[in-house]
Amino acid sequence: MSIKTSSPTLTDSVSSAMSSMTPSLSSFSGRSSLETSPDTTPPSSPDLQKLTLKENSRTLPLPESLPLVPTHTIAEQGDDKDVGTPDAWIKRDPRMVRLTGKHPLNSEAKLDDLFTAGFLTPAELFYVRNHGAVPQVDVEEARNWRVSVEGQVANPLQLSIQDLKDRFEVVTLPVTLVCAGNRRKEQNVVRKGLGFNWGAAGVSTALFTGVYLADILEAAKPIFVDGKRPGHVVFEGADQLPNGPYGTSHLLSWARNKTRGMLIAWAMNGQPLAADHGYPLRLVSPGNIGGRMVKWLTKIQVSHEESQHYLHFWDNKLLPTQVMPEEARAERKWWYDPRYIINELNTNSAIAKPDHNEIVDIKTTPEYTLKGYAYSGGGRRVNRVEISVDDGITWKLAEICYPEDLYRAVTHNDDVYGKLDLTDRDTCFCWCFWSFPISTQELKDSPAVMVRAMDEGLSGQPRDMYWNATSMMNNWWFRTAIHVEDGDKLRFEHPTMAGTTNGGWMDRLKGEGQNVLEPVFGDASKKLAQQAPAVVKPAEVKMTKEGVKRLITMEELKAHSGVDEPWFVVAGEVYDGTGFLKDHPGGGDSITLVAGEDATEDFMAIHSPQGKSQLAQFHIGTLDLKEILHENKEEATIEPIFLSKTKWKKAILETIQVVSHDSRVYRFALQAGDQLLGLPTGQHVFCRLRRKVPHDQHGKTEVVEGELVQRAYTPVSPADAKGYIDLLIKLYLPNDKYSVGGKMTSGFNELEVGDFVEFKGPLGSFVWRGEGTCAWRGVERKVRKLGMLCGGSGITPILQVLKGVIEDSADTETEMWCIDANKSLEDILCREELDDLVKRSNGRFKLHHTLSAVPNNWTGSKGRMTREMYEKHLPAPSDDGLVLICGPEAMINHTAKPLLTELGWDVEKQLVVF
Ligand SMILES: Cc1cc2nc3c(=O)[nH]c(=O)nc-3n(C[C@H](O)[C@H](O)[C@H](O)COP(=O)(O)OP(=O)(O)OC[C@H]3O[C@@H](n4cnc5c(N)ncnc54)[C@H](O)[C@@H]3O)c2cc1C
Ligand SMILES: Nc1nc2c(c(=O)[nH]1)N[C@H]1C(S)=C(S)[C@@H](COP(=O)(O)O)O[C@H]1N2
Ligand SMILES: [Mo]
């Protein structure tokens, strides 16, 4: 594959301006050459793709002080990937990264290629976003092309490109186009949304030549019709898509305002628009997202209402963050809500240098200049770009270079570009470049380097991602991780790779089980977290309400120990939980369990500062202390059933059995050998323990009382077990990746035989009643087909239900399917017990395993759960079907829910999440 001509790049001129960091005009005075001169007359050759300026050049160079105009170089053969597609006639640059397979074309350049190409992007590296096949327009058709100006206008018009040139002033503006999906891959790593994987190169800049839309509208004269105000201008393109042509609209008031710079354009960097970019005519609306710039423009319609085109509604929306993709896809209302439309770009920036996987040797490179781009929307200027090398604790200002300003200092007019005159413009419609020289030693000591920009409207980039269903407008801080290799080499790692390529720190940290939304980049990051200034430490949380003075007696409190108006005590204060029963994230159960009681320890053990702050609204008074002093701390009496919903019960650790490399069965003795546990099938218990904190005093290690931790567990002992309770615990212990292990399971690991823990319960909204019936959220139902999905220790509730069904002699009908996902063979918990259940089920129980790492001769599946796996190893959806799931959050929300929905399950009514 060869490229016909090598385009003059701007690298030298732009980077010299950026390194001197005084963006003087002279530093941009590039070489003008024949190749840079434009031509907008349609080429005589019918093969548009053969068009080069060499063949059609006129010598009309732009002023020397301006950034060089790149020539559109056309690949000789095009890209093999287009063979067999409707776009096979277009010769595309094979360097472009394809984001959506073969067709339609959605592509961006490699970030490094894009950045080094400079301020103006050569057409062959300009990102492309096509919703369908590119309309094939030859030169003759382009000459006969008409854009129709119609609707609520006094003078409808049919205009050819020549008409546009003849009737209106021809102007050129530098404009940066950005797809609303730029940087979407980062969101897709967190959770796949409704779009493909843009990297950070879904942004490109060109000189666009055309006429002001405002002038065309002035000639057409918008009018009221039937008293209806002509508020919108609707645009339509020639591309044929499944739901009609591409179209969208702008407010008429914006379109009429020349400072907004909307153009009907036929040329890009002095050459006719490339086929992918809208040949022969497109709308350019500076400061807006690319999606509002209709290509292959055929119609401009003035209307009292916004565009009714399908993609005007079903694309380019920023939905509220809690709307999940399935919900969005299913519910029209989100897309038709005018509040969620995206018009203007938001502030954004990215690091281009160092590139992903770039290696810098500290020995030979004492200083390195970090570089990248930034942009904002609505014509607002980026006034600030900041760099942090300490996880965002402190920030330093980067230098900003605004090549767009160079155009403000000169005027130019010729019959190709028309008027190129920004001397009277205050708007900023182009990207700018930032740079930040830094010592490589400082980089070596830093876990990651991050950038954020702020525009003149003082709107910046957030630390946290605003995840949304279309994954658009992603502009959280751009972070590049730094790795030290071979002692003094630095390797840099960008967040993601565009398209389907794996790589980048987001994938990596996700694979390591980290929460990528709060990335911790390595040891240096951990150190920083410890050094972080006091201001970032959580403040004391206020849990009382201003003005609440009431003194509440023990008697009054006890009168509210029922489920109707549950009152409870935390730290001596009384709260009325009635209003929170429905919405409590832990379920209403956990409130009624403590009704009439002191819940301080439970509450503190389980709630975050946010949970704690929510408590204040339910504060009704202070418990009368005199009363408490008289309260009788009676010794626990031994009841026939161990578990109590209202009292914590102690149980003594009897044995610890190792069942896998990281799992143990802990057996605790109940209060008496014949005491029944009292746990219905399908329910779980709360278990709490006090962590042991080794405390070094005078050279002697003492164990002092540590934090009280509480978690939910589903015992694996049979429902009719007497005198004991078994918990199967998967331990999360500190290792290379996690300097602190799981809070509770580390506590289990500290337990010695003879120690006690406490239990309370039973809990849960689901009970398997037997004989093919269950009760879920208080409603009984008949179940014939049970699908079960679990991962890791999520097998415990599943196992409990399986045993409940298979050991139920009155049930010979219920069929069971289970998919158990684990990392490796060694991680499968209770395998023998499961196999035994398969045997005893008379063919009613089908078990399937999937592993991330499979051994030789493995007959199960490999990898995460997939649709095919569900189709083969789960029952088909039916009215008497039910799916139970217990596993990691990602498995439940990112995999199971969308897949089950696709297959026809009603996850609201047929998916029980343990
Ligand atoms: C209804 C129900 C039933 C349950 N039944 C069981 C059960 O029978 N058995 C059972 O084991 N659990 C069960 N759980 C899960 C249990 O409640 C705890 O969440 C679990 O034991 C972890 O608690 P932790 O305090 O140790 O971990 P936390 O401190 O809450 O944190 C766990 C997280 O720490 C990180 N982590 C730290 N160290 C490591 C490491 N070495 N490897 C990997 N990640 C690490 C991971 O991100 C992990 O997700 C059940 C949960 C529910 C809701
Ligand atoms: N007719 C038409 N116009 C269109 C599109 C399209 O698919 N068809 N895509 C839009 C989107 S979402 C973007 S981001 C820009 C991309 O312009 P480019 O491909 O020239 O970079 O075109 C917009 N205009
Ligand atoms: Mo877009």
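Whatever order the structure lists ligands and atoms in, that order sets their numbers, starting from 1. A quick note: this is a predicted structure, and the numbers were derived from the prediction, not measured.
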Enumerated ligand 1 atoms positioned under 4.0 Å from heavy atoms of [X]:
X	answer
L733	38 (N), 40 (C), 41 (N)
G741	37 (C), 38 (N)
T796	5 (N), 6 (C), 7 (C), 8 (O)
I729	11 (O)

In terms of residue, atom name and distance, what is the protein heavy atom nearest to [atom]?
atom	answer
atom 30 (O) of ligand 1	R711 NH2, 3.2 Å
atom 11 (O) of ligand 1	K730 N, 2.9 Å
atom 2 (C) of ligand 1	A712 CB, 3.9 Å
atom 1 (N) of ligand 2	D239 OD1, 2.9 Å
atom 23 (C) of ligand 2	G290 O, 3.2 Å
atom 29 (O) of ligand 1	K743 N, 2.8 Å
atom 3 (N) of ligand 2	K295 N, 2.9 Å
atom 47 (O) of ligand 1	G513 O, 3.8 Å
atom 26 (O) of ligand 1	T745 OG1, 2.6 Å
atom 46 (C) of ligand 1	Y738 CE2, 4.2 Å
atom 7 (O) of ligand 2	H131 ND1, 2.7 Å
atom 10 (C) of ligand 2	Y246 OH, 3.5 Å
atom 24 (N) of ligand 2	M293 O, 2.9 Å
atom 9 (N) of ligand 2	R129 O, 3.2 Å

Where is the tightest heavy-atom contact between C687 and L727, given as atom of each residue plus distance?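 That would be SG-CD1, 4.3 Å.
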
| said: So which atom in V190 and which in H894 form the shortest heavy-atom distance, rounded to 0.1 Å? | reply: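 Heavy atoms of V190 and H894 come nearest at O-CE1, 3.2 Å.
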
**Prompt:** Does the gap between the ring centers of F914 and F766 come in under 6.0 Å?
**Reply:**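 Ring centroids of F914 and F766 are less than 6.0 Å from each other.
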
**Ring centres under 6.0 angstrom apart (F208, F429)** =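 They do not qualify: ring centres at least 6.0 Å apart.
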
Would you check whether [X] has a nitrogen or oxygen atom less than 3.5 angstrom from a nitrogen or oxygen atom of ligand 1?
X	result
L728	yes
H684	no
M744	yes
T714	yes

To atom 28 (P) of ligand 1, the nearest of G742, P888, P797, G764 on a heavy-atom basis is G742

Out of Y732, F914, Y713, the nearest non-hydrogen contact to atom 13 (C) of ligand 1 is supplied by Y713

Short version for Y127: what comes under 4.0 Å of ligand 2, heavy atoms counted, is both

| message | Please classify the R282 to ligand 2 contact at 4.0 Å (heavy-atom distances, strictly less than): side chain, backbone, both or neither. | response |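 The answer is the side chain of R282.
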
Would you please say whether a donor-acceptor pair under 3.5 Å links the side chains of [X] and [Y]?
X	Y	answer
S824	D827	yes
N343	R292	yes
H312	T248	yes
Y375	N182	yes
T205	T121	no

Closer than 4.0 angstrom: is that true for some heavy atom of V740 and an atom of ligand 1?
-> yes

Output for pair (N348 CG, Y373 OH), nearest 0.5 Å, gives 6.0 Å

- prompt: Relative to ligand 1, is N735 under 4.0 angstrom through side chain, backbone, both or neither, heavy atoms considered?
  reply: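 For N735, the contact with ligand 1 is made by the side chain alone.
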
Any E236 heavy atom less than 4.0 Å from ligand 2: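 E236: no contact with ligand 2 (<4.0 Å).
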
Near [X], which atoms of ligand 2 are under 4.0 Å from a heavy atom of that residue?
X	result
C179	14 (S)
H277	18 (P), 19 (O), 20 (O), 21 (O)
W296	1 (N), 2 (C), 8 (N)
F126	21 (O)

Between the side chain of Q800 and the main-chain N/O of G682, is any donor-acceptor distance below 3.5 Å?
->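 It does hold such a pair.
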
Please state whether the rings of W505 and F521 are parallel, tilted or perpendicular, taking 30° and 60° as the class boundaries. perpendicular

Exercise. Once the angle between the rings of Y310 and W314 is folded into 0 to 90°, is it parallel (under 30°), tilted (30 to 60°) or perpendicular (over 60°)?
Worked result: parallel

Looking at [atom], is any protein heavy atom nearer than 4.0 Å to it?
atom	value
atom 37 (C) of ligand 1	yes
atom 34 (O) of ligand 1	no
atom 8 (O) of ligand 1	yes

May I ask you to check whether over 12 heavy atoms, not counting those of [X], lie within 6.0 Å of atom [atom1]?
X	atom1	result
K110	NZ	no
R146	CZ	yes
K102	NZ	yes

Looking at Q710, M744, E707, which one forms a side chain to side chain contact (heavy atoms under 4.5 Å, CB included) with L689?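 When Q710, M744, E707 are each tested with L689, the side chain to side chain contact (heavy atoms under 4.5 Å, CB included) holds only for M744.
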
Could an N or O of ligand 2 be found under 3.5 Å from any N or O of G237, whether backbone or side chain?
no

Q. Any nitrogen or oxygen of N130, main chain or side chain, under 3.5 Å from a nitrogen or oxygen of ligand 2?
A.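 For ligand 2, there is no N or O atom that lies under 3.5 Å from one belonging to N130.
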
*asked:* Go through it in stages, so that I can follow the logic: the residues are V134 and L105, the test is side chain to side chain contact (heavy atoms under 4.5 Å, CB included), and I'd like the CA-CA distance, side-chain angles, deciding distance and then a yes or no.
replied: CA-CA 9 Å; V134 173; L105 181 69; over 6 Å; no

- Go through the steps for Y666 and Y713 under the test ring-ring contact (aromatic ring centres under 6.0 Å, His included), then give the verdict. CA-CA 12 Å; Y666 289 84; Y713 292 94; 9.4 Å; no

Sub-4.5 Å side-chain heavy-atom contact between R711 and K743: yes

Exercise for review: For the pair D82 and R98, evaluate salt bridge (Lys or Arg N to Asp or Glu O under 4.0 Å) and give the outcome as yes or no after the intermediate values.
Suggested key: CA-CA 11 Å; D82 292 315; R98 304 255 172 161; 2.9 Å; yes

